[in-house]
2 protein chains.
Amino acid sequence: MPTPQSSTATIDDVARRARVSISTVSRVINRTVPVSPDIVRRVEEAMRVLRYVPRAAARNLARRNTNTLGLLLPDGLGDFFGPLLRGIQNVTHEHGYDLLIATAGRPDPEDSLPHSLGNHNTDGLLIFAGCLRRQGLIRAYAQGVPMALIHQTPPPEIAIPCVTIENKAASRALVEHLIQVHERRKIVLLQGLPDNEDAQWRESGYREALAQHHIPFDPALVVPGDFDRQRASDSVARLLADGVIFKAVFSGDDEAAVGVYQALRAAGKRIPQDVAVVGFDDQRLAEVMTPALTTVHAPTAEVGAEATRQLLRLIKTGQAEPLTLLPTEVIIRQSCGCE
Amino acid sequence: MPTPQSSTATIDDVARRARVSISTVSRVINRTVPVSPDIVRRVEEAMRVLRYVPRAAARNLARRNTNTLGLLLPDGLGDFFGPLLRGIQNVTHEHGYDLLIATAGRPDPEDSLPHSLGNHNTDGLLIFAGCLRRQGLIRAYAQGVPMALIHQTPPPEIAIPCVTIENKAASRALVEHLIQVHERRKIVLLQGLPDNEDAQWRESGYREALAQHHIPFDPALVVPGDFDRQRASDSVARLLADGVIFKAVFSGDDEAAVGVYQALRAAGKRIPQDVAVVGFDDQRLAEVMTPALTTVHAPTAEVGAEATRQLLRLIKTGQAEPLTLLPTEVIIRQSCGCE
DNA sequence: CTGTTAGCGCCTTCAT
DNA sequence: ATGAAGGCGCTAACAG
């Protein structure tokens, strides 16, 4: 039952072996004040021989900080996971911090932090969109937990730095490409979930593109996609079954685009000749799809890295950029009709 | 008016406010021994009002354990990341443990644990293939760090539990499918890197399938793939340029299959009519490829979950299953020539 | 059931 | 430049 602890050397052992005090050992470990070179060598030798590793718990307790960042992620991050984590890890380690991960089961009625990420167990929190809602954020903020939000802006009354991507202009450019270059006017929009900010901005871009070209907004062409393969496929299939006419689909994201391909193919429609399709995110599967998916590249790793930088800055200086919008870029492939 | 203030409340504050001793507070927190209901309520009330959160560092120091598992991952895990982490997280949380993540830059000359995962900062380590080599493993093992290996078996002289997947039988079945059902005899094998155990077993399966059907092993058909898109593409392109004749390709993994598709298409070959292609892993992109990729499903989330279970068991009981081979399953799609 | 009392291993003044 | 001593906040005997 009680976990046996392999007894390893402590700072006392090192001090004894090097015949100095523990304070001195602490000093050579942390290089906090000069120590005579001779002693430094003795201490280092002792640490090596004893295979000494400072115990994080003891150090954290004494220092009153954990040197650890918490990352709160939704359950189904899918392919974003890899790049995002890579970006976060890089910066985190660069600054000598550790990374503690927790996932938030999607519908948390409590809207509270996972226990493990609680107040004093972490120096700050990276929170991905959808993991904590209004009340949860406000509560954590009130408790003074340093936080940075990813792909989600904070409630207006509290100032939490947020890092996300430029959605609207890219979406608009994408849809305009469909209109101008490929002369499509009946363009379906697969909406994301209402609480998804990315989805909202992408819809704005879609609307602006239409307005710019004097194409009336047609509610019949706007159907749920939810950034989900199945949902997207169902929606497009229904459109087809209902006899709705359209010449292009803005899928909302790449994942939904997969569903769109499926539904279109099942109905015998050719992509892009009959219906052009575009996505968003430029996930790894985008270039593998046939035809290769025209989409918008989202710099996911950089989002993670920048959010981490902001959080670290907030922790160290108490200040951070309220909103960072990372640039996106339209990636033209073949699904829009281009060669 | 209770003022929400101290993000600094400690167990003493709670004890004082509930007018009990700190031990009692500790008892209601940990439910270690019965406490009278009346006092429980008082303590809980105090914790609520004070917004008390136990400090992990203090607790870990006193308990001599961290309640945290470390996860060591390679830099570029790609699409495995999501599922693997999901499996690990689930089990980890189920057992009340936290998860600390670190990535190992591929070529670590030191072959040592990242500082953050050092001896006493974690109760045990989950180590993905390729992150730590022989010496590193032996050293960590000697220091008594509980570990579980993922997709990599330990050096013979030390007993570290390993969880991986069944590679050989599935590969053999896959290749036999190509031989028997689709009558391909000239089958290219894209080899993985020599230190990749999965790759080795897959090659064995390939060889067994050939032997079973009395097809001589032809070294000219075995080229590097490295589970890498570009490498695979290059290898296949060279084969084609060299005029080598082949009717099928076992890509080693799905990622390489993408490269195979590219090279084949660039040369005007039809898949599967001219050349059948199969992969391994059943990553998300497999079913999106055109034609959909015939491959082998690897239960990645379950690998993560099971490795975590073994590690936890090792930590708690000192025992664990030396080797767990999770079953795989051939997934027939269209790239092999099936309808 | 509840309170008292040692530490857990390290950092950090404060002396020297 | 080095040592001594007092915590950091919590758990875990040990007494009542």
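Keep in mind the model is a prediction, meaning the values are calculated, not measured. Quick note on labels: first sequence line is chain A, next is B, and so on, each numbered from 1.
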Practice task
Check B:Ile11 against B:Tyr52 and note the closest heavy-atom contact, atom names and distance.
Solution key: N-CE1, 3.5 Å
Between the protein and nucleotides 10-14 of chain D, list every N/O to N/O distance that falls short of 3.5 Å.
unit_1	atom_1	unit_2	atom_2	d
D:dC10	OP1	B:Tyr52	OH	2.3
D:dC10	OP1	B:Arg55	N	3.4
D:dC10	OP2	B:Ile11	N	2.3
D:dT11	OP1	B:Asn30	ND2	3.1
D:dT11	OP1	B:Arg59	NE	3.0
D:dT11	OP1	B:Arg59	NH2	3.3
D:dT11	OP2	B:Ser26	OG	2.9
D:dA13	N6	B:Arg27	NH2	3.4

Handout entry: Spacing of A:Ile138 atom CD1 and A:Gln135 atom CD [to the nearest 0.5 Å]
Key = 5.0 Å
Fill in the blank from the handout: Rounded to whole Å, the CE-P distance (A:Met47 to C:dC10) equals 11 Å
Problem - SB check A:Glu157 A:Arg134 (cutoff 4.0 Å) - result: yes
Problem - side-chain N/O B:Thr24 vs C:dG3 OP1/OP2, d < 4.0 Å - result: yes
Fill in the blank from the handout: Here the distance between atom P of C:dG9 and atom CG of A:Asp13, to the nearest Å, is 9 Å
Problem - Pair A:Arg48 + A:Glu45: basic N to acidic O under 4.0 Å - result: yes
Completion exercise
In whole angstroms, the gap separating P of D:dA1 from CZ of A:Arg41 amounts to 17 Å
Practice task
Provide, to the nearest angstrom, the distance between the CZ atom belonging to A:Arg31 and the P atom belonging to C:dC11.
Solution key: 13 Å
Exercise for the section: Work out which heavy atom in A:Leu137 is nearest to a heavy atom in A:Ile127; give both atom names and the distance. Expected result: CD2-CD1, 4.2 Å
Practice task
Write down the distance between CG (A:Leu61) and P (D:dG6), rounded to a whole number of angstrom.
Solution key: 17 Å
Exercise for the section: Mind calculating the distance between CZ (A:Arg64) and P (C:dT12) to the nearest angstrom? Expected result: 9 Å
Exercise for the section: Compare every heavy atom of A:Asp123 with every heavy atom of A:Asn67, then report the nearest pair and how far apart it is. Expected result: N-OD2, 2.8 Å
